[in-house]
Amino acid sequence: MPSSKVATCRSCGQSGLQPVLDLGKTPLADRLVSAAQLDEPEPQYPLEVVFCPHCGLLQILETVPPQVLFCEDYPYYSSFSDALLRHSRANVLDLIARRGLGADSLAVELASNDGYLLRNYAEAGIPVLGIDPAEGPARAAEAIGVPTLNRFFTADLARQLAGEGRRADVVHGNNVLAHVADTNGFVQGIATLLKDTGVAVIEVPYVKDLIEHCEFDTIYHEHLCYFSVTAVDHLLRRHGLYLNEVRRLPIHGGSLRLYVERIERTGPTVRELLALEAALGVDRIDFYRDFARRVERVKSDLLALLRRLKGDGRSIAAYGAAAKGATLINYIGLGPGLIDFVVDRNVHKQGKYMPGRHIPIHGPRMLLETQPDYVLLLAWNFAQEIMDQQAEYRRRGGRFIIPLPEPRVL
Ligand code: DWN
């Protein structure tokens, strides 16, 4: 299925998009390769990052059809990260208390994956509804008692649910707003689905952290948009929604949690971040101008480090068959000649190969079985959880390499 390119901004629709970074033609980050597919041609798509000077949104030009991205064997399951489960549970318990949710409430999650978040509402006796197009995670959610529509969330589906009287007290959307091709339709759907007194709680990677920490690996075809508070505020207001509170989070390399309502009552956390972004120029192209140069610097430094270690006869593996890991190994050119294998706890990924570079993926036990000298941490956003878990590998002398914001050996 062919991809398409936007000519105007995904949010405000204006032209004049300015180039920021070109990562070249890149395979789909979550399309892992099976042994049977190794000799088959692998689709690769342009990955060009641009900036809208009118509304401040950083975005990619290419739109890969969502049916291709979130296909039936989409391998991402949220519940393989204990830190993410703790993060999500704390979010839910906070909202139950703050919003006085109970048996007559409805909590909906858009891109609900395997029920990792909604399960916390269900356990508290609060009615839930998951919506996710990926068949595997949706089935897993149903298996733990989270009713899930295996569909894409659209403005039409929102109207259908509202028509059935299923408007929500809380709408969650974690790492999905950046993923949808119809950005405005998706936000309009949230406005339709929310009760007048409801709140949408949306998490997105924060573009300020992405740029400042050089997190270029967070750029892949699933992530169409990269939000600042300024850009998302413009997007929401266009649909009669108001960003009233925002929290900065460490998850996924730095994220924003947006509290969005149908009533405008902009709080100090929003005003402060809008002022900070204006002072730093996050809403202007200059903030992004040297990003490409810094990405090139990381690429050359990491390649030089790995080649030196390999040249010294050291063995190198990697941890985390993450989508971000696919961007990193493909852009930098890390193949089986440098990285012997990748390990990952997600059993749906084990036995497959990384997109593009075809590095084999095994379970984490492979680290103790083979004791590689170094492990490149592709899932660096979970560094503490993973290194705690791999204490024995480290006790035996194994060392982790953190790739970003600059390569360093721990
Ligand atoms: O936006 C997205 C983010 C939120 O999640 C999705 N489009 C796809 C996915 O991106 P990712 O694959 O880069 O996300 P993660 O969660 O950073 O990937 C971590 C990988 O590491 C997963 O495959 C699970 C694995 N893992 C592990 O093997 N052991 C993770 C932990 C914490 C562990 O202990």
Side-chain angles (χ1 to χ4, degrees), residues 26 28-32 60 64 66 68-71 74-88 109-114 116-117 132-134 136-137 172-181 202-207 209-210 215-227 249-257 317-330 341-355 359 361-367 375-391 393 400 402-404:
T26 304
L28 298 179
D30 268 319
R31 184 168 279 271
L32 305 183
I60 63 172
V64 176
V68 174
L69 289 174
F70 305 103
C71 48
Y74 181 66
Y76 179 75
Y77 287 71
S78 300
S79 296
F80 281 101
S81 161
D82 300 338
L84 186 66
L85 291 175
R86 287 194 299 273
H87 166 85
S88 305
E109 184 175 17
L110 314 179
S112 47
N113 198 265
D114 57 8
Y116 74 103
L117 179 141
D132 197 294
H172 284 275
N174 290 344
N175 299 295
V176 59
L177 180 58
H179 295 57
V180 292
I202 298 167
E203 290 184 12
V204 292
Y206 187 21
V207 74
D209 291 321
L210 187 153
E215 297 167 0
F216 74 93
D217 56 351
T218 308
I219 297 166
Y220 41 89
H221 298 98
E222 292 173 35
H223 291 171
L224 298 166
C225 298
Y226 302 83
F227 287 106
L249 307 169
I251 195 96
H252 292 308
S255 297
L256 295 173
R257 179 181 291 158
Y319 193 121
K324 62 173 68 68
T327 293
L328 189 130
I329 66 173
N330 278 290
F341 58 86
V342 178
V343 297
D344 195 293
R345 269 202 322 191
N346 180 336
V347 294
H348 305 279
K349 299 186 176 184
Q350 295 169 10
K352 297 197 172 176
Y353 295 77
M354 290 298 284
I359 302 170
I361 303 167
H362 299 288
R365 68 186 176 286
M366 191 76 166
L367 295 186
V375 172
L376 176 62
L377 191 50
L378 297 175
W380 47 264
N381 49 316
F382 292 120
Q384 200 53 57
E385 177 176 356
I386 291 169
M387 289 198 292
D388 291 348
Q389 183 200 99
Q390 295 302 324
Y393 164 74
F400 277 93
I402 309 292
L404 298 172

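Whatever order the structure lists ligands and atoms in, that order sets their numbers, starting from 1.
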*Numbering the atoms of ligand 1 from 1, which are under 4.0 Å from a heavy atom of K324?*
11 (P), 13 (O), 14 (O), 15 (P), 17 (O)
_Enumerated ligand 1 atoms positioned under 4.0 Å from heavy atoms of A379_ = 19 (C), 21 (O)
*Examine D82 against ligand 1 and note whether any of their N/O atoms are separated by less than 3.5 Å.*
no
*Of all the heavy atoms in Y319, does at least one lie under 4.0 Å from an atom in ligand 1?*
yes
*asked:* Within the 4.0 Å heavy-atom shell around N175, which atoms of ligand 1 are there?
replied: 1 (O), 4 (C)
*Number the atoms of ligand 1 from 1 as they appear, then name those within less than 4.0 Å of a heavy atom of E222, with their elements.*
6 (C), 7 (N), 8 (C)
*Is N174 in contact with ligand 1, taking contact as a heavy-atom separation below 4.0 Å?*
no
*With only distance considered, is H179 within less than 3.5 Å of ligand 1 through an N or O on each side?*
yes
*If we only count N/O pairs under 3.5 Å, is N381 in contact with ligand 1?*
yes
_Parallel, tilted or perpendicular, judged at 30° and 60°: which one describes the rings of H252 and F382?_
perpendicular
_Atoms of ligand 1 close to E385 [distance to a heavy atom under 4.0 angstrom, numbered from 1]_ = 32 (C), 34 (O)
*Does E215 have any salt bridge (charged side-chain N to carboxylate O under 4.0 Å, His left out) partners at least two apart in sequence or in another chain, and if so, which?*
none
*Closest approach of A318 to V375 (non-hydrogen atoms, all atoms of both residues)*: C-CG1, 3.8 Å
*Which heavy atom in L84 sits nearest to a heavy atom in Y76, and how many Å separate them?*
CD2-OH, 3.6 Å
*asked:* I need the minimum non-hydrogen distance between A321 and I361, along with the two atoms involved.
replied: CB-CD1, 3.7 Å
*At a 4.0 Å threshold, what atoms of ligand 1 neighbour a non-hydrogen atom of S81?*
32 (C)
*Closest heavy-atom pair and its distance - D344, A322*: OD2-N, 4.4 Å
*Look at atom 1 (O) of ligand 1 and find which of E203, H223, Q384 reaches it with the closest heavy atom.*
H223
*Using non-hydrogen atoms of the residue, decide whether Y74 is closer than 4.0 angstrom to ligand 1.*
yes
*At a 4.0 Å threshold, what atoms of ligand 1 neighbour a non-hydrogen atom of D30?*
8 (C)
*Which residue supplies the protein heavy atom nearest to atom 18 (O) of ligand 1, what is that atom called, and how far is it?*
A322 CB, 3.5 Å
*Considering only non-hydrogen protein atoms, determine which one is nearest to atom 24 (C) of ligand 1 and report residue, atom name and distance to 0.1 Å.*
D344 OD1, 3.6 Å
*Spatial distance of atom CG (L256) from atom CG (D209) [nearest 0.5 Å]*: 7.5 Å
*For R31, check salt bridge (charged side-chain N to carboxylate O under 4.0 Å, His left out) against everything at least two apart and list the hits.*
none
*According to the interplanar angle, ranging from 0 to 90°, do the rings of H179 and H223 count as parallel (below 30°), tilted (30 to 60°) or perpendicular (above 60°)?*
perpendicular
*What distance do D217 atom CG and L404 atom CG have between them, rounded to the nearest 0.5 Å?*
5.0 Å
*Quick one: which of Y77, Y76, Y220 has a heavy atom closest to atom 2 (C) of ligand 1?*
Y220
_Distance (rounded to the nearest 0.5 Å) between L85 CG and S79 OG_ = 5.0 Å
_Would Q389 count as a polar contact of ligand 1, with the cut-off being nitrogen or oxygen pairs under 3.5 Å?_
yes
_ligand 1 N/O within reach of F80 N/O, cut-off under 3.5 Å_ = no
*Protein heavy-atom partner closest to atom 11 (P) of ligand 1 - residue, atom, separation in Å*: A323 N, 3.5 Å
*So, N330 versus Y220: side-chain donor-acceptor pair below 3.5 Å or not?*
no
*Which of the numbered atoms in ligand 1 are below 4.0 angstrom from a heavy atom of K349?*
22 (C), 23 (O)
*Is the shortest N/O to N/O distance between R345 and ligand 1 below 3.5 Å?*
yes
*asked:* Could you check whether any side-chain N or O of D132 sits under 3.5 Å from a backbone N or O of P137, counting only pairs where one atom can act as donor and the other as acceptor?
replied: no
